[in-house]
Amino acid sequence: MKYTAARSHRAVHWAATRLKERLADAARRPDRGDISITTVIIWVAAVAGALMIAGTIAVVISRYNGSLSGI
């Protein structure tokens, strides 16, 4: 805890410098390939589908857990 102020100052300075570099890069190259809404919809649907499949498997396993114990 001795150098907390110095470390926080260093961290804030690093974050501010990094943000300035990112903003300068974005201003220099405005067409960086932003993702479209279609891509976001596809990713959300894929994740939701994977969660539904995993949930269904969990429900089936929990329901038939006694029957599956002899396998």
Side-chain angles (χ1 to χ4, degrees):
M1 292 301 229
K2 192 174 185 180
Y3 301 104
T4 306
R7 286 184 179 178
S8 353
H9 176 68
R10 220 174 324 169
V12 169
H13 178 67
W14 175 82
T17 304
R18 180 98 169 144
L19 180 63
K20 285 179 188 177
E21 290 172 357
R22 292 292 216 170
L23 289 174
D25 187 46
R28 192 168 19 107
R29 297 184 309 146
D31 57 346
R32 296 181 341 183
D34 296 332
I35 60 172
S36 67
I37 190 69
T38 308
T39 306
V40 173
I41 291 171
I42 291 170
W43 274 102
V44 168
V47 169
L51 288 175
M52 284 179 43
I53 291 170
T56 304
I57 291 171
V59 166
V60 168
I61 287 176
S62 68
R63 183 172 180 177
Y64 295 107
N65 197 16
S67 302
L68 295 176
S69 63
I71 294 178

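Given the structure is predicted, the values throughout are model-derived calculations rather than measurements.
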Which atom pairs, donor and acceptor, lie under 3.5 Å between side-chain atoms of residues 52-63 and protein residues at least two apart or in another chain?
{"from": "Thr56", "atom 1": "OG1", "to": "Met52", "atom 2": "O", "distance (Å)": "2.8"}
{"from": "Ser62", "atom 1": "OG", "to": "Ala58", "atom 2": "O", "distance (Å)": "3.2"}
{"from": "Ser62", "atom 1": "OG", "to": "Val59", "atom 2": "O", "distance (Å)": "2.9"}

Residues forming a side-chain hydrogen bond (donor to acceptor under 3.5 Å, both in side chains) with Thr39, sequence neighbours excluded: Ser36
Linked hydrophobic residues, Leu19 as query - side chain contacts closer than 4.5 Å: Leu23
Shared-cluster residues of Val47, by chain and number - hydrophobic side chains joined below 4.5 Å: Leu51
Qualifying residues under side chain to side chain contact (heavy atoms under 4.5 Å, CB included), relative to Arg28, sequence neighbours excluded: Asp25
Residues 6-13, side-chain donor-acceptor partners within the protein, below 3.5 Å, at least two apart:
{"from": "Ser8", "atom 1": "OG", "to": "Thr4", "atom 2": "O", "distance (Å)": "2.5"}

